[in-house]
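Beneath this line is the structure, given in structure tokens, with notes to follow.
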Number of protein chains: 2
Amino acid sequence: MPQSNSANISACSTCNLAELCLPVGLTAQEMQRLDELNMQKHSFSRGDYLYRSGDRFRALFAINRGAFKTRILHEDGREQVTGFQMAGEIIGLDAISTDRHDGEAVALESSVVCELPFQKLETLSRDIPSLQRHLHKIMSREIVRDQGIMLLLGSMRSEERVAAFLLTLSQRYAMRGLSPTQFQLCMSRQDIGSYLGLKLETVSRAFSHFQDEGIIAVKTRSIEIIDLALLQASINSSC
Amino acid sequence: MPQSNSANISACSTCNLAELCLPVGLTAQEMQRLDELNMQKHSFSRGDYLYRSGDRFRALFAINRGAFKTRILHEDGREQVTGFQMAGEIIGLDAISTDRHDGEAVALESSVVCELPFQKLETLSRDIPSLQRHLHKIMSREIVRDQGIMLLLGSMRSEERVAAFLLTLSQRYAMRGLSPTQFQLCMSRQDIGSYLGLKLETVSRAFSHFQDEGIIAVKTRSIEIIDLALLQASINSSC
DNA sequence: CATGTTTTTTGACTCACATCAAACCCAATT
DNA sequence: AATTGGGTTTGATGTGAGTCAAAAAACATG
């Protein structure tokens, strides 16, 4: 996985908080303040936990390289993947409400993250109003995203879900300046299934079916979207 | 670290922003500031829209009386209910990210809400840091809540979903000092189904089945929870 | 390279929920 | 009292996705 090289994101490479700085337009002075917090860097390899269930959560993390999945665990062991995070994104926002947090983030690839302790964030955001407002934006986006997934889980058939999943992945890669039609999946069929509320076999069948139709080309974790319009259409058609 | 709190909605009745003031512990002076914004009051009756799809969203609303459902609409007409809001709660938070918003809130009962224009809220929160922090809390809670629903939609059977729904309703009524075992539903079977990713018939069957088991008593929209422990158990049992 | 392990694909079968349809209830209206 | 209409319950039937199982492919290891 090459380190993120998108034009937008590199603008904030100095503070290692790519997504955080990106749309807010912090001044040089404000960015310096971020550096003064001397944030710690952590390296994770595949399968490592970013923070464990039961532990109180104390920090935000910006992903510099690699990918994570976030999940919540039911008492009886059932897991639900709540999202996939890639380089240039932030995880841990939900934990700002320190009351109850039973979520985890698990590395899907070798990853590097940058930790920003929450206490410091709070004092910081008092000084930098734009940061405060920007955190709102991120959280709002998270809520909107979650509600989109609720729509997906609540009222779409299996193949529509997989199509929607591929399309959002495509968009996210495009936003990073990478190819929107040819990319590597960084997660297993199992994880995709959990995220979409499906079993891994169903995900596999959907991939195979789209391939038979000539919409995509699949080779294990390599995906090529051949007919993007058809993929779009397959979300609305089957209703 | 923000101090913990105990629920007492009446403490904030003066400013009509029950939930907003509740856990944040605004000072008398701060509450007066809120009043100076001379917020508009709106009255809604059943089925009215709080804000319409396509319109840019400009405000937060605190519900003084009545109930709402929030929903998002797919292009092809499919709707997904994303939540139910009752008196003392706030709706519209997801719309702070003004970019794209295709959600709606629809009154389920005759309702009174109190509008707080967003622009003013922003200037206000610069003056009152605790309000800013509290908005974070609310949004965090929203995210946590949504992710709980994702778990529900992704990995629970129909009866588990209905049981979980009744239990969270029970908790919410308890928080308001109302009976947690005997209450009125303010939404139709259809809405419950949409919220839980089920058809209305399935919801009805689940109610009937729980009634046959002696766990609850149902009379159209009146619910009495007879055996709360059994209802709890029915979430974990069937796996 | 051979070997064991994990992930993915594919097939056959089952079941939970959706779908379709009819009856019922209750409140509002004539 | 009869009628209308929305919401709810209940039954009969169909189907999409889960389950079980086994083979194939990809990956890891000595």
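Side chains included, hydrogens not; waters and symmetry mates left out as well; all remaining heavy atoms used. Below, read A as the first sequence line, B as the second, and so on, with proteins coming before strands; counting in each chain starts at 1.
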Handout entry: R221(B) side-chain proximity, nearest of dT7(C), dT8(D), dT9(D)
Key = dT8(D)
Practice task
Enumerate the residues from residues 180-197 of chain B whose closest heavy atom to DNA chain C is under 4.0 Å, giving them by residue number; use none for an empty result.
Solution key: G197(B)
Fill in the blank from the handout: Tightest non-hydrogen contact, residues R161(A) and L152(A), listed as NE-O, 3.6 Å
Practice task
Check the surroundings of atom CD in Q190(A): do more than 12 heavy atoms from other residues, nucleotides or ligands lie under 6.0 Å from it?
Solution key: no
Exercise for the section: With sequence neighbours left out, write down each residue that passes ring-ring contact (aromatic ring centres under 6.0 Å, His included) with F68(A), or none if nothing qualifies. Expected result: F44(A)
Practice task
Specify the residue among T220(A) and L198(A) whose closest nucleotide of DNA chain D lies further upstream toward the 5′ end.
Solution key: L198(A)
Exercise for the section: Could you list by number each residue of residues 199-210 of chain B showing a heavy-atom separation from DNA chain C of less than 4.0 Å, or answer none if no residue does? Expected result: K199(B), E201(B), T202(B), R205(B)
Handout entry: N/O donor-acceptor pair under 3.5 Å between T181(A) side chain and I225(A) backbone
Key = no
Exercise for the section: Specify the closest pair of heavy atoms between S170(B) and F183(B), including all atoms of both residues, with the distance to one decimal. Expected result: CA-CE2, 4.1 Å
Exercise for the section: Return yes if a side-chain donor-acceptor contact under 3.5 Å exists between T70(A) and T82(A), otherwise no. Expected result: yes
Problem - dC17(C) OP1/OP2 closer than 4.0 Å to side-chain N/O of S158(B) - result: yes
Problem - Atom CZ of R221(B): over 12 foreign heavy atoms under 6.0 Å - result: yes
Problem - Heavy-atom check, side chain of T202(A) versus side chain of K199(A), under 4.5 Å - result: yes
